[in-house]
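Working notes, beginning with the structure itself.
Protein chains get the first letters and strands the later ones, always in sequence-line order, with residue 1 at the start of each.
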Protein chains: 2
Amino acid sequence: MSWRKDERRAERGYHHGNLKEALLQAALDLIGQKGPAGFTFADAARMAGVSPAAPYRHFRDRDELIASIAQRGFEQFESALTQAWDDGRPDTVSAFERVGKAYLKFAREEPAFYSAMFESGLPVDSNPTLMAASERAFAIIRAAAERLAALAPPGQPRPPAMMMALHIWAMSHGVASLFGRGDAARRKLPMSPEDLLEAEVLIYLRGLGFPTDRKPDERKPAEPPPLDEKPSGPFSGPWGKAK
Amino acid sequence: MSWRKDERRAERGYHHGNLKEALLQAALDLIGQKGPAGFTFADAARMAGVSPAAPYRHFRDRDELIASIAQRGFEQFESALTQAWDDGRPDTVSAFERVGKAYLKFAREEPAFYSAMFESGLPVDSNPTLMAASERAFAIIRAAAERLAALAPPGQPRPPAMMMALHIWAMSHGVASLFGRGDAARRKLPMSPEDLLEAEVLIYLRGLGFPTDRKPDERKPAEPPPLDEKPSGPFSGPWGKAK
DNA sequence: AGCTCATGTGAACGATCTTTACATGAGCCG
DNA sequence: CGGCTCATGTAAAGATCGTTCACATGAGCT
């Protein structure tokens, strides 16, 4: 197998041409496999077919590579949340729930990004660019909360949108961190993380006075009601899916 | 400074006498300073004044040391939650809120334990002992949720206690992880993590039908109402403390 | 007193991170 | 086309770390 490196070099010549990108991709793969702690700079270099010193032409040190990945992660995260929110279409509440699901989906499908963003142990506030990217992602949640707060029923003091956003973020992050990834930190659950978070958000919104006791067919008009689910009363509440 | 090691050895002789404990303590200090990733086995040995090979008499490898710390962390965590819960005295709801505060307090005051428990990246389910300790800690939250669920107002389907417990855990963990530690992962907040979590839990409980619009003096009878807090209406809601 | 075994030492190996001096060649300028 | 320059990659080396192995020590038991 030792011909690999030479062959690669023969293929590409002395200069790689796109090393920075290749390193980021390699690091992403490695973090996905072994977590941000298990990832090594030398491995990424090997995977890209260059010498262990080459990466230092593109990243000051190992931490800067991880920070770059976190940065890119926040950008994709923002994009995913934006798409899920879809500016509140077709209605604010269901769009809001889509955002929660998108949060979990991102944590599950991009565990490498997620752990680089939240579990790599690097100080968020040390890197202003990183901090800004993180805040842009949170701004989506905040904007959604803003729209939701505006819909709050009258007759009660209107909840501060910032607080709502922080609450939703904490719920999503808590569920994702504790139960969200398939393999790591697995704990037995009576329901899926998605359903768990959806119930939590619905209960929370009801606590703010939002009417949330919709029937399933009001939420997904095209979907026939499942036959194996017998309702437990006049309405089955947000936790209707619990085991 | 190189006399230190020799002097220590002269003081203690060939055998340390309490190395395992000394290593755990040293590791705890180091993790507290530099996070679970920055901590090195050799450093812990140095700090205990022994050779780099000595720790292997007490821990199979570096991961086992971290797992031991996580284990001990879950035990202290369980103890802290048990004490906060105090079997639901004086009343279930206020005891429940004390548990949430204890969660945050633990995360803030024992960041080394907390990160070893939740952010060290070691698979929870690989170590049955660790898993069991984790579940004993969660059992406190579950027991509290059980008692709370029993108090749920009639006229509605009773919420599953397990689900409530998971929700509360996720909220606490989310707030603690995102905003709970003084230095790491700091983000600007309009209110303290404690108040943020308390409001979140109260809104959630209200969503389950619990009456939570108590006035401050019903909660802490001995405490006079603060003068700088002007109520915003007939009752100021769970987010009365928000900026 | 002597044996035994848990505990600690020293030396060594391979891997990693990082720096330093040197090599290569792509792009530009005349 | 020829040569210059600088970004990019390499090789070698030092420091540190995780880990293992053979060996040393001495505490506790018989």
Side-chain angles (χ1 to χ4, degrees), chain A residues 1-27 29-31 33-69 120-122, chain B residues 1-27 29-31 33-69 120-122:
Chain A
M1 293 291 183
S2 65
W3 48 266
R4 277 192 136 261
K5 186 180 174 187
D6 300 337
E7 182 184 86
R8 280 218 197 135
R9 185 141 5 130
E11 279 170 6
R12 67 168 169 81
Y14 194 94
H15 288 278
H16 183 287
N18 201 14
L19 184 52
K20 187 162 189 170
E21 212 51 43
L23 287 172
L24 285 168
Q25 189 54 52
D29 291 354
L30 290 170
I31 293 179
Q33 289 171 25
K34 306 184 290 184
F39 146 79
T40 84
F41 219 35
D43 252 338
R46 235 189 316 274
M47 192 166 297
V50 297
S51 79
Y56 290 85
R57 297 292 176 193
H58 301 274
F59 304 96
R60 195 174 355 85
D61 55 16
R62 188 175 168 282
D63 279 355
E64 191 177 280
L65 205 179
I66 297 189
S68 285
I69 293 199
S120 61
L122 35 89
Chain B
M1 293 294 180
S2 66
W3 49 266
R4 276 193 137 263
K5 187 181 174 186
D6 300 337
E7 182 182 88
R8 279 217 200 135
R9 183 138 8 127
E11 279 170 5
R12 68 169 167 82
Y14 193 93
H15 287 279
H16 184 287
N18 200 14
L19 183 54
K20 187 162 189 171
E21 211 51 42
L23 286 172
L24 286 169
Q25 189 55 51
D29 290 354
L30 290 170
I31 293 178
Q33 289 171 25
K34 305 184 290 184
F39 146 78
T40 85
F41 220 34
D43 252 337
R46 235 188 316 273
M47 193 166 295
V50 296
S51 79
Y56 289 85
R57 296 295 176 193
H58 301 275
F59 303 96
R60 193 172 0 84
D61 56 14
R62 186 177 171 281
D63 280 356
E64 191 177 281
L65 206 181
I66 297 189
S68 285
I69 293 199
S120 60
L122 36 90

Any side-chain N or O of [X] less than 4.0 Å from the OP1 or OP2 oxygen of [N]?
| X | N | value |
| --- | --- | --- |
| A:R46 | C:dT16 | yes |
| A:R62 | C:dC17 | yes |
| A:H58 | D:dA7 | no |

With respect to the side chain of [X], which nucleotide from [options] is positioned closest?
| X | options | value |
| --- | --- | --- |
| A:A53 | D:dA11, C:dT9, D:dC17 | D:dA11 |
| B:H15 | C:dT18, C:dG8, D:dG9 | C:dG8 |
| B:F41 | D:dT10, D:dT19, D:dG9 | D:dT19 |
| A:D61 | C:dG8, D:dG9, C:dT18 | C:dT18 |

Rounding to a whole Å, what distance do you find between [X]:[atom1] and [N]:[atom2]?
| X | N | atom1 | atom2 | result |
| --- | --- | --- | --- | --- |
| B:I66 | D:dG18 | CD1 | P | 10 Å |
| B:L30 | D:dC17 | CG | P | 11 Å |
| B:L23 | D:dG18 | CG | P | 12 Å |
| B:R57 | D:dA22 | CZ | C1' | 10 Å |
| A:R60 | D:dT8 | CZ | P | 17 Å |
| A:D63 | C:dT16 | CG | P | 17 Å |
| B:F59 | C:dG8 | CZ | C1' | 15 Å |
| A:D43 | C:dA15 | CG | P | 11 Å |

Exercise. Under 3.5 Å, side chain of B:D63 to main-chain N/O of B:I66, donor-acceptor pair present?
Worked result: no
For [X] versus [Y], what's the shortest heavy-atom pair and its separation?
| X | Y | answer |
| --- | --- | --- |
| A:T40 | A:R62 | CA-NE, 4.4 Å |
| B:A44 | B:L30 | N-CD1, 3.7 Å |
| A:F39 | A:L65 | CZ-CD1, 3.9 Å |

Exercise. Across the strands shown, which category fits A:A42 at heavy-atom distances under 4.0 angstrom: base, sugar-phosphate, nothing?
Worked result: sugar-phosphate
Exercise. Across the strands shown, which category fits A:Y56 at heavy-atom distances under 4.0 angstrom: base, sugar-phosphate, nothing?
Worked result: base
For this session: Please test B:D29 against B:Q33 for side-chain hydrogen bond (donor to acceptor under 3.5 Å, both in side chains), starting from the C-alpha separation and ending with a verdict.
Result: CA-CA 6 Å; B:D29 290 354; B:Q33 289 171 25; 5.9 Å; no
